[in-house]
Amino acid sequence: MNVRHLIDLNDFTTADWHRIIRLAQEIMEKPQDYYGTCQGKLMATLFYEPSTRTQMSFQAAMHRLGGSVIGFDNPLNSSVSKGESLADTIRIVSGYTHLVTIRHPVEGAAQAASRYSSCPVINAGDGGHLHPTQTLTDLVTLTKYKGTLQNMTIGLCGDLKNGRTVHSILKALSRFPNKFILISTKELALPAYVKDILNASGCPFEEVYSLEEAIPRLDVLYMTRIQKERFSSEEEYERQKNVYVLDRKKLLRARADLAVLHPLPRVDEITPEVDSDPRALYFEQAKCGMYARMALITCLLQDDASRSFKEIPLSHPRNDIKCTNPKCITNHEPSLPHTFRENGGMFICEYCDERMILQ
Ligand code: NCD
């Protein structure tokens, strides 16, 4: 891999993605050939936020490779409850392990962790920002079931504002010639920074309200959960929660070769009657996630042992500028250096991607 950590999948080259996808396919075909390949290696899973699939598929992946896992899934049982900073927790845990996987409710937390870690860090979801290993899972699934990552019309439906899986998959699939149909209410529309990425990629995209109208045109439908935990009011969540429900009737209008994906967990946005439709691939997708993570762990550990990655130099800290995103890690851990990329008069927070124009 060209970089040491997986914080944003777009930090990797397309060749890196293909290497991981190919390896995931090989492991899927002959899992027994890979048992024991990470023997003696230790991975930490630090889950500051609830998780079933991501946490367990990482743990299963490491165990299947013959490695071991330590960690917590309730930070209140760790020294976090005594007020320990993220930076200190990572300094300590990375000294015990060969790989750290972190999920955190605050945006930019994995980026911050990578700055204090002595081993590779994997972002397993940072607030509503990014979820790169879900996207790897999605890329492995699409390669397996659609045979391609390009020339598709891809509909994304639901909470496009807060869904980190949506932001990550759009960033990744806009590297290839694809068309996107963004299906959401106005309140849950895609954030401007992801739209800017789509505009820069040259991939056409449309924002629409109706799933019924969009569905006949799609090769892939990526359904998402309304992210209740990211809403500031219960009333707003109640207004949004049942707007989009995929059921058998809507699927009647879809192509025979549509692929229905969902990062899961689902709440009410796909009715259980859809599960038996051959186009419903979300349970297979969850299984692909374990193989994608086995491949990722293998590649990161191999490259770390041979130090065949590029260190990204830290930008110059600008502690005179404060990120305006209240959900950014720099507003939760005051001792972190504030760093920004500059682009056309704009300052972009290197942790959470917030864009700011200074007056
Ligand atoms: C997703 C997440 O945590 O962002 N779940 C997952 O990791 N598969 C999607 C979600 O919670 O809605």
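Atoms within each ligand, like the ligands themselves, are counted from 1 in listed order.
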Could you label the plane-to-plane angle of the Y48 and F72 rings as parallel, tilted or perpendicular, counting under 30° as parallel and over 60° as perpendicular?
perpendicular
For a quick check: using heavy atoms under 4.0 Å, what are the residues in contact with ligand 1, sorted by chain and number?
T54, R103, H131, Q134, R164, T165, R225, Q227, P263, L264, P265
Using salt bridge (charged side-chain N to carboxylate O under 4.0 Å, His left out) as the criterion, list what pairs up with E187, not counting sequence neighbours.
none
Between F180 and F205, ring centroids under 6.0 Å
no
D353: salt bridge (charged side-chain N to carboxylate O under 4.0 Å, His left out) partners, not counting sequence neighbours:
R341
T339 and R318: side-chain donor and acceptor closer than 3.5 Å?
no
Restricting to salt bridge (charged side-chain N to carboxylate O under 4.0 Å, His left out), what partner residues turn up for K41, sequence neighbours left out?
none
